[in-house]
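Working notes, structure below.
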Amino acid sequence: GFVQDIAQANTLLGHFSWTGRIRRGNEIRWIHIESSPTMEDDAIVWNGVQSDITDRRQAEESLRLSERRFQLVMEATHDGIWDWNIASGHVYYSPGYVAMLEYEQGELPAHVSTWINGLHPDERERVVTEAEKCLRDPGHYQLEFRMRTKAEDYRWIVSRGKVVEWNAEGTPVRALGTHVDITDRKAIEVALQQAKEAAEAANRAKSDFLANMSHEIRTPMNAILGMADLLWESELQPEQREFVQVFRAAGENLLGIINDVLDLSKIEAGQLTLETIPFDLAGELEVVCDIMAMRARSKGLQIVCHIAPGVPDGIEGDPTRLRQVFLNLLSNAIKFTETGGIRIEAACQAAPSSPAPGLVWITFRVEDTGIGIPEDRLALIFESFVQADTSISRRFGGTGLGLAIVKRLVEKMGGRVDVESQPGRGTVFILTIPFAVSQQAVTTTLPDLSGRRVLVVDDTDANRLLFREHLERMHALVEEAANGFVALEKMEHALATDKPYHLILLDVRMPEMDGFRLVECWRAAGHAVLPIMMLTSEHRERHVERCDELGLRHYLIKPIRRDDLIRTIQRALSLNPREDAPTHRNIPEAPMVARCRRILLVDDSEDNRLLIKTYLKGETCEVHTAEDGKVALEQMRLHAFDLVLMDVQMPTMDGYTATRAWRRIEKQEGLPHLPVVALTAYALRENVAQSQEAGCDAHITKPIKKKTLLEIIERYARPPGMISLAQRESR
Ligand code: ADP
């Protein structure tokens, strides 16, 4: 090109301008030449300027590429781009931006008011204010809003942008950003939110339904069980007694199932909250064994509870739920065991992972010698409504909910449950649960038996071990005898060596020579009376009688609770001289209700009113009744009551509303506090809070037992004469 151009310029003698590439060494450079001819001595002389424009050419090239790329991006994407000159209000809206709002190209006026006017009227103010705020901020911003389309409907847009230029005074002059259509995403979000709300509503409905169902079932159950109890106390033919026993047991069973269903759904709805209170673990386990002992004994089984040394006495947790766990496990163990025994064990273990300070991990083992569980069923038994062998379970009864509840409760406590089993040989459930060690003393102080010799006579190895551990914790010197003969020998030897035993723990039921026979032999040999503590189990009345006959003042009934053991030892060794009475275990009597108490019973169920009235028949208290909250309030205005028993769910006016109304009246008129006890079929924990909030003093869950009712009256009713009845009567 250069050769041609210069030839032409030479011919025409015109201006020569040329841009092209030349090689300079290894490099190719862009140059530009401007030159003009002049005549000097008849010769044509070209003068001019040559400049290297390589850098400029490259910059132009990359600008061209960048513009092309920008163009392509605009074409390829559905997103919109805007470029706003803040000072003039002029905005460049990209084709994507325009198309997003369903306009043709060129239809949208290029001004910021186009955007502002397109905003949904409900959001305009918010969005403009937020956009103004964003302009003051040097960072990126993001806004979500709806914009009107040409067809007059709205699309959800997310706008992301940034101020890109500021003037010398720091005022923003240019901002740039994108618009992305998020209408579909918003629709999904709304659908999700609605689904979530619907699920929450369904959950609430389920929980309300359960509460209502529980109420509906518990109310008649209250009448059935209560009446069955009353019938049981009356004179009955042996056959009738059997019938009543059957429906009492069936009723209790049904109630158990209702409680299980409620518990499980509560856990699944995430409504179960665990308590954290200090409690005595050993005491709690003893109570559990105590509760189950009868059932075990009726099958000829013994429950042994062993707490290894090192397990702290006081821990923090939810004793009620822990008790529920063990009751479930023990009840299964008894149900599925025909011979042998059940052992419950607690031991401390090193923390499985990094130990938190003040936490102990306790491993519990509940072991039986029962039918066992086939290996392929082991993983399934913790699921709801699953039974290892339905044919066997049908024989034993059950719903398949117990272990599901156990597992969930233990997991909620932060622990885990495992099971090992050998069909035909037995099963062991292993629970590992973390507990905080309680700083508060919750246990009885142990007596100091240092230097005292104690002989434990029992044919069961596990029992001897258990007593040994208890006694050694009290620093006693413990010896053991596995039968009466060995025991007699040891006692003789101790006497002969002038080291008689200070205390003998003597099991009644032993093969060949039972405990009573041993005492008789000892006495027949002319030996002095020794402090003997008899350990009895079944046939408690007969044994107690026999103890009295033999003048044995100290005895305990198995399974033995540690607190009872301590107390009995203290008495037997006169460690607490003020209390030298025979140590019969107290069997609590139903407390007496003070006379002349006036009670208002509010319940819409006639059966329940009749039941409670019948419970209180022999108690010489005056019972008034009301069938709903409204009638109750009228009665409360008319008479002076010492206690109100207030059903919660009633037509016309429910119990909580009535209680709240009465508390207001009390406040306004300066009346003394009238105790109100809510009678509720609801077994959910939040219902307790609800009755407190309504102003009730206490809360009892139906079905109500006579004993509980009398205790409640004794505890909460105003003692008669506390306020002048005449005074209130005259109101
Ligand atoms: P339920 O006892 O009401 O049937 P659970 O959830 O408590 O329900 O137990 C589920 C199943 O696990 C039982 O039906 C039984 O087959 C099996 N199972 C539980 N504990 C034992 C045990 N100690 N020995 C043998 N089988 C057991």
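In each ligand, atom 1 is the first atom listed, and ligand 1 is the first ligand listed.
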At less than 4.0 angstrom from any non-hydrogen atom of [X], what atoms of ligand 1 do you find?
| X | result |
| --- | --- |
| Lys335 | 1 (P), 2 (O), 3 (O) |
| Leu401 | 6 (O), 8 (O) |
| Phe429 | 20 (N), 23 (N) |

So do the side chains of [X] and [Y] get within less than 4.5 Å of each other, counting heavy atoms only?
| X | Y | result |
| --- | --- | --- |
| Phe429 | Asn328 | no |
| Phe336 | Asp368 | no |
| Met533 | Leu565 | yes |

### Query
Should the proximity of Leu403 to ligand 1, defined as any heavy atom under 4.0 Å, be assigned to the side chain, the backbone, both, or neither?
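Near ligand 1, Leu403 shows its backbone as well as its side chain.
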### Query
Which one holds for Asp368 and ligand 1: side chain close, backbone close, both close, or neither close, with close meaning a heavy atom under 4.0 Å?
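Answer for Asp368: side chain.
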### Task
Give a yes or no on whether Glu197 atom CD has more than 12 heavy-atom contacts from other residues, nucleotides or ligands under 6.0 Å away.
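Yes.
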Touching ligand 1 at all, [X]? Heavy atoms, strictly under 4.0 Å?
| X | answer |
| --- | --- |
| Phe382 | no |
| Arg377 | no |
| Gly372 | yes |

### Message
What I want to know is whether Gly402 and ligand 1 share at least one N or O pair that is separated by under 3.5 angstrom.
### Response
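There is such a contact, yes.
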### salt_bridge(Glu200, Lys196) N-O dist < 4.0 Å
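Yes, charged N to carboxylate O under 4.0 Å.
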### Query
Does Arg464 come within less than 4.0 Å of Asp461, counting only side-chain N to carboxylate O?
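Between Asp461 and Arg464 there is a salt bridge, with a charged N closer than 4.0 Å to a carboxylate O.
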### Task
Would you confirm whether Arg609, through its side chain, and Asp603, through its main-chain N or O, come within 3.5 Å as a donor-acceptor pair?
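Side chain of Arg609 to backbone of Asp603, a donor-acceptor pair under 3.5 Å: yes, one is there.
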